[in-house]
Amino acid sequence: MTAMLTGRVVRPGDADYTEASRGWNHLFIHRPAAIVFACSTEDVVNALTWSRHQGLAVRVRGGGHALEGWSGVDDGVVIDVSGMKSVTIDAEAHTATVGAGINQLEAVTGLSKAGFVAPTGTEGSVGLAGATLGGGFGLLTRAYGMASDNLLAAEVVVAAPDGGAEVIIADEQNNPDLLWALRGAGNGNFGIVTSLTYRIHPLAQAIFVVATWRGLTDLEAVFEAWQRCAPYTDNRLTSQLEIEGDSFSLHAALAGGTEAEALQLLSPIVSVSTPAVVVQDASWADIYAGFQIPLAEDPANWKFSSQFFTEPLPPEAVRIIAKSMAEAPAGCNYFTNAFGGAVADSEPSGGSAFAHRGALFYAEPGAGWGVRGGAPASDEDTAAALAWVAQVDAALAPFANGAYVNVPNAGMPEWESAYWGSNVARLRQIKATYDPDNVFSYQQSITAT
Ligand SMILES: Cc1cc2nc3c(=O)[nH]c(=O)nc-3n(C[C@H](O)[C@H](O)[C@H](O)COP(=O)(O)OP(=O)(O)OC[C@H]3O[C@@H](n4cnc5c(N)ncnc54)[C@H](O)[C@@H]3O)c2cc1C
């Protein structure tokens with residue numbers, strides 16, 4: 001039977017082609033043969049079947065935030081699931097089943113209306129599925145684990161042996177090895193996830209603390225206090241450091257509790273010098289919505305590099321961060337997120353491919369430059385941003401232990417073991433079972449051999 005494309009199909013020459021081809025990071029521009037905006041699992045099945053019959057490469061796209069542009073492709077088909085936005089909450093079972101197109105802000109908002117939360121990353125416009133399939137950490141991570149730890153089941157469109165596509169379920173009873181792989185290694189590797197079922201958590205209220213230090217004078221002392229406290233403190237508390245320009249901030253969320261408790265737990269950090277401290281007591285959805293930055297204000301181009309640390313950084317490494325920030329081009333930043341807590345304590349039933357449970361914290365040097373919707377960035381600005389990120393990454397590499405697949409390090413040798421450690425061999429076996437023809441393939445996708 002001849003396959004047909006269904007859903008909204010955009011092709012070269014269509015008025016909305018440029019917009020439809022583009023991901024969030026304008027550093028990478030692709031020219032696909034078609035972008036298929038799927039509204040249903042059937043649209044996805046048809047798109048995958050059609051692409052295979054035509055011999056065209058496929059990429060899966062949700063929120064479109066792939067940092068290296070790997071959800072786009074030249075001359076192939078982008079299967080975009082961002083229109084699949086269903087949400088069904090089972091308040092008694094403490095589960096939610098969502099379409100693969102929901103973004104993190106929509107998830108946080110929708111769950112909150114029913115009195116629940118789930119851990120996600122911090123950027124609202126990132127796809128929930130895209131974040132979950134590579135791990136997914138944020139300000140509720142130490143309380144409830146990675147987003148992927150809370151993934152109970154998924155509906156997945158895989159490449160069928162007959163050259164078409166078929167729908168399968170991955171849960172603890174059906175294809176449990178695929179569920180294991182989707183929890184931390186599922187981005188564009190095994191199939192197209194069309195719906196996800198999560199464990200959700202009742203939470204009426206949270207405390208959010210932002211402490212800001214002006215100048216970089218106190219950075220070394222604050223970093224040292226943070227890395228000795230944040231990964232070990234009460235599991236309800238997750239915190240991040242964000243260093244940018246000539247100031248830096250601590251962002252911390254306490255999942256349920258009082259202002260006094262939050263400030264007490266953070267006192268080893270906020271007692272360094274005299275930061276400006278702002279405290280909010282609100283629903284998690286209000287806190288989350290409050291720290292979103294409108295997309296139009298984001299720079300057009302981005303580069304990040306990811307590192308996990310399993311030991312506190314020695315003073316010379318903290319000095320590298322402080323010196324690098326003092327010398328950074330405009331728009332560069334250094335970001336950290338504390339681990340430990342539930343990530344270290346509790347692996348989900350059935351396990352997971354996420355390999356960084358022993359991390360004390362995650363960190364990334366990042367750069368954003370160029371004006372969204374404006375003239376292209378100059379080659380000099382692009383070169384300076386890329387060079388700064390590469391230089392910070394290289395200087396801290398001797399202290400790092402692993403990298404994060406959701407913030408991929410393009411060009412990194414040994415990237416598979418950096419992302420998944422000793423889980424690589426099992427992931428290759430699972431790839432051979434579910435995608436033996438390597439239909440789902442990109443620069444750093446898992447291969448069967
Ligand atoms: C500004 C910004 C902030 C971020 N902050 C955080 C953070 O706080 N915490 C964190 O953990 N991560 C964070 N990330 C990383 C983020 O989790 C990844 O970029 C994520 O993969 C993006 O998902 P997406 O759906 O938006 O992107 P897409 O480009 O749509 O997809 C990303 C990858 O996932 C695959 N994919 C997407 N949907 C599916 C699907 N339904 N089935 C199979 N494969 C799929 C794509 O093929 C691609 O390989 C951040 C990224 C950005 C750009």
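In this chain, residues are counted from 1 in sequence order. Read the numbers this way: they start at 1 and go in the same order the structure lists the ligands and their atoms.
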Query raised in the report: According to the interplanar angle, ranging from 0 to 90°, do the rings of Y404 and F354 count as parallel (below 30°), tilted (30 to 60°) or perpendicular (above 60°)?
Result: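 The rings of Y404 and F354 stand perpendicular, inter-plane angle above 60°.
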Query - Side-chain H-bond candidate by donor/acceptor type, R142 with T233, under 3.5 Å - result: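 R142 vs T233: no donor-acceptor pair found between side chains.
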Query raised in the report: Near Q292 CD, under 6.0 Å, is it more than 12 heavy atoms from other residues, nucleotides or ligands?
Result: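 Correct, the count exceeds 12.
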Please tabulate, for side-chain N and O atoms in residues 360-374, each donor-acceptor pair with protein atoms closer than 3.5 Å (sequence neighbours left out).
| residue | atom | partner | partner atom | Å |
| --- | --- | --- | --- | --- |
| Y362 | OH | E364 | OE1 | 2.4 |
| W369 | NE1 | T382 | OG1 | 2.9 |
| R372 | NE | D298 | O | 3.2 |
| R372 | NE | P299 | O | 3.3 |
| R372 | NH1 | W24 | O | 3.2 |
| R372 | NH2 | W24 | O | 2.8 |
| R372 | NH2 | P299 | O | 2.9 |

Report task. For ligand 1, would you mind listing the residues that have at least one heavy atom less than 4.0 Å away, ordered by chain and number? Result ->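 Under the 4.0 Å cut-off, ligand 1 touches W24, V60, R61, G62, G63, G64, H65, A66, L67, S71, V81, A100, G121, T122, E123, V126, G127, G130, A131, L133, G136, F137, G186, N187, G188, G191, I192, V193, Y404, N406.
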Query raised in the report: Between R8 and D16, is there a salt bridge with N-O shorter than 4.0 Å?
Result: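 Yes, D16 and R8 are salt-bridged.
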Query raised in the report: Do the side chain of D75 and the main chain of A33 share a donor and acceptor less than 3.5 angstrom apart?
Result: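 No; zero donor-acceptor contacts below 3.5 Å.
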